[in-house]
Protein chains: 2
Amino acid sequence: MAAFTSKDVARIAGVSQSTVSYVMTGKRPISERTRKRVLDAMEQLTYEPHSGARALAGRRTQVVGLVVPFGADGQIFGLLPFIETIASSARAHDHEVLLVTADEGSAGLRRLAGRALCDAIIMMDIEEHDDRVPVAAALPVPVVLIGVPADPAGLHCVDLDFETAARMAVDELADTAHDEIVVLGYPASAMERGLNFVGRVLRSARQRARARGVPLTVIEPVEHGQEATAEAVDQLLARRGGGRLGVVLPHNDSIGPILRALRTRDVLPGRDISVIGISPDPQAEESDPAYTNVSEEPRDVSRRAMETLFWLLDPAPGVERPGVDLVAPRLIRRSTVMPIPSN
Amino acid sequence: MAAFTSKDVARIAGVSQSTVSYVMTGKRPISERTRKRVLDAMEQLTYEPHSGARALAGRRTQVVGLVVPFGADGQIFGLLPFIETIASSARAHDHEVLLVTADEGSAGLRRLAGRALCDAIIMMDIEEHDDRVPVAAALPVPVVLIGVPADPAGLHCVDLDFETAARMAVDELADTAHDEIVVLGYPASAMERGLNFVGRVLRSARQRARARGVPLTVIEPVEHGQEATAEAVDQLLARRGGGRLGVVLPHNDSIGPILRALRTRDVLPGRDISVIGISPDPQAEESDPAYTNVSEEPRDVSRRAMETLFWLLDPAPGVERPGVDLVAPRLIRRSTVMPIPSN
DNA sequence: TTGAAAGCGTTACCAA
DNA sequence: TTGGTAACGCTTTCAA
């Protein structure tokens, strides 16, 4: 296990070291005969190329930097499918994934690029006005954002289409003959952080409700914690005037507490009130009750982000990628929307 | 931003390249005067050393490989605190974190070592008989396991002390005058995978209950899914003979469904029955009802694992680390254990 | 306390 | 279709 080099492979295969290199990179035509001898030698020595040497000589690290929103608070629930999909896509392209936490801020980005730790960067959890975005844009490596900032500064972004998500929720409630829609908004902290989707969701919901002729109210902010949630829910229930009331819950973290508050008040979603969340599927599925949700499609979003990233690393001729790539959400019906009355 | 090298720094500082290197590594005494000039030059150029070149010449990557249990099913709920703590500890030692998913199996390990991608490896979610452990033990880089396999093969392991965890749960119920204890066990799949703690928990609980003179029954397997859970819960409730019944739930994934089943049956934990989970804190805290739990201490476990890892990379003279390092759990009382009757 | 120079293991150019 | 060889940017020995 004393770590063989391409020189060893060359010796065993009876070829030059450069030939070994060309067999690996495929950047030069190699006769079938030599190729086989080289591959055999590699096999025999269980040879693996030294990544540092390769990075130094070839100026390619075969590493993707991934900036994840740890350290930052927030919707950590749905994080894993993103990371998982990114890791698997990287692997499929023979790339490694280097983890950087968001609490490092721009310094993390500069380190990734400055030390030549990676060939490209994926950055998650982008805020509307995000300090890191201008820094990222100036980096000598391509950066793909998951999330859409106010000014993408020329960077490629991928995200859920939150406008459509809000519209789908409103449509579902309008289609099922609801008389009124209430959106329970975000906590003040989220609004201050200017997460890119907060505004998009509320605006789109309002607009669609108007178009569908259903009155829509937004209650916000909805803070975390027992009492704050209780208060918001009471405010919500006060609006129930015998009509069919539908609630849209666009903020992951508050959905659980809100459902609990409803239960405490003996208000049963799907019977007394309708509830639609914008949230990761597993959360909706495992919640009690399992609620109808508009999915955040972490796998689609991540996959598209990685497609863009590898395209930037190796632009296919004639193919283009959109600057802002919005992924269509999917509405999954569970039991929390009251069916249309049969009369 | 054209990436400066240590040669540039040397030129600006008016010293040799080797001096720049020695300033960075501190492996040679440098006069205060030269040191300052070098540091100034670095600052001025915003110099960052090329990690590939450094790895090649110095045979140190300053990278920690992290094998996470994605792709594998399972208790993904509590995963993030582990990753977060590991990332932060790595950063504190000026190391990067390279992510490898468990579904790559031993191939991932061999790649990490063979390509010189990292200096050391942390591997999570170790099964009792884990194919990767012998491979890891033969690697030319140190490996620290989070989890304890049947045969650690000389590797260092860190994990929660599940024996003590089980004992604490039993003690808490015995101390609060319970007449009977039931442990709702693991699904068959977990038992087959031979997760290292399954056996440890049940054995220790049985033993402690005997010592405390409280009858203890284990119901297992408890499969996932609505009906399976319901069945287990009915089986559980059938044991209630007017006495004080305490339940221990050692398996994360089943705790939510079980609590739900209890609620459906109008059995209120903390009033009609007692419940203690062995689970991550946030899960216990955010559950409804928030239940008394024995914490898995992901932060402590990860921190100790990283301490061991950096000790292996740079053994301090005179200091030793235990081969198997078990972290003490902590019991957090919430509302699901019935208080001692006051009479 | 410092400098010069020989590697480290690849890639890629220049020849053949 | 192949081989020789000069980088790549750092660390570290050997000299001074």
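As the structure is a computational prediction, the values presented were derived from the model and not from experiment. By convention in this document, chain letters (A, B, ...) are assigned in the order of the sequence lines, proteins followed by strands, and residues within each chain are numbered from 1.
Judged by closest nucleotide on DNA chain D, Ala57(B) is the one of Tyr22(B) and Ala57(B) placed further toward the 5' end. Take the nearest nucleotide of DNA chain C for Ala53(B) and for Thr19(A): the residue whose nucleotide is more 5' is Ala53(B).
A salt bridge links Arg115(B) to Asp94(A): at least one charged side-chain nitrogen sits closer than 4.0 Å to a carboxylate oxygen. By the 4.0 Å N-to-carboxylate-O rule, Arg304(B) lies too far from Asp300(B) to be salt-bridged with it. For Arg11(B) and Asp8(B), the salt-bridge test passes: some basic side-chain N is under 4.0 Å from an acidic carboxylate O. One finds a salt bridge joining Arg299(B) and Glu84(B) here, because a Lys/Arg side-chain nitrogen approaches an Asp/Glu carboxylate oxygen to under 4.0 Å.
Between Lys27(A) and dA12(C) there is a side-chain polar atom (N or O) within less than 4.0 angstrom of OP1 or OP2. Between Ser51(A) and the phosphate of dT10(C), there is no side-chain N or O to OP1/OP2 separation shorter than 4.0 Å. Remark: Ser21(A) is not in phosphate contact with dA12(C), judged by side-chain N or O atoms under 4.0 Å from OP1 or OP2. Ser18(B) has no side-chain polar atom (N or O) that falls below the 4.0 Å cut-off from OP1 or OP2 of dA4(C).
Picking from dT10(C), dT2(D), dC10(D) the nucleotide with the shortest atom distance to the side chain of Tyr47(A) gives dT10(C). Among the nucleotides dT10(C), dC8(C), dC14(C), the one closest to the side chain of Leu56(B) is dC8(C). With distances taken from any side-chain atom of Ser16(B) to the nucleotides dT12(D), dA12(C), dA4(C), the minimum falls on dA4(C). Closest to the Thr34(B) side chain, of the nucleotides dT11(D), dC10(D), dT1(C), is dT1(C).
When rounded to the nearest whole Å, the span between CZ of Arg59(A) and P of dC10(D) equals 15 Å. Spacing between atom CD of Gln17(A) and atom P of dG9(C) amounts to 10 Å, rounded to whole angstrom units. Going from atom CZ of Arg54(B) over to atom P of dG9(C) covers 18 Å, rounded to whole Å. In this structure, CZ of Phe4(B) is placed 15 Å from P of dC8(D), rounded to the nearest angstrom. We find that CG of Leu117(A) is positioned 15 Å from P of dG9(D), with the value rounded to whole Å. Taking atom NZ of residue Lys7(A) and atom C1' of nucleotide dT11(C), one finds them 15 Å apart after rounding to whole Å. Separating the CZ atom of Arg11(B) from the C1' atom of dG3(C) is a distance of 17 Å, rounded to the nearest angstrom. Atom C1' of nucleotide dG9(C) and atom CG of Leu45(A) are separated by 15 Å, given to the nearest angstrom.
Taking 3.5 Å as the limit, the base of dT1(D) and the side chain of Arg28(A) contain no donor-acceptor pair of atoms between them.
In this structure a side-chain-to-backbone donor-acceptor pair under 3.5 Å is missing from Asp161(A) to Ala328(A).
Take Arg35(B) and apply the side-chain contact (heavy atoms from CB on, under 4.5 Å) test, not counting sequence neighbours, and it matches Ile30(B), Glu32(B), Leu39(B). The side-chain contact (heavy atoms from CB on, under 4.5 Å) search around Pro149(B) returns Ile126(B), Val133(B), Leu145(B), Pro152(B), Cys157(B), not counting sequence neighbours.
Nucleic acid contact class of Val20(A) (heavy atoms, under 4.0 Å, all strands): none.
With axes fitted over five pairs at each extremity, the angle between the ends of the helix from dT1(C)-dA16(D) to dA16(C)-dT1(D) is 30° (10° resolution).
Ring geometry, Phe310(A) versus His95(A): the interplanar angle exceeds 60°, so the pair is classed perpendicular (tilted spans 30 to 60°).
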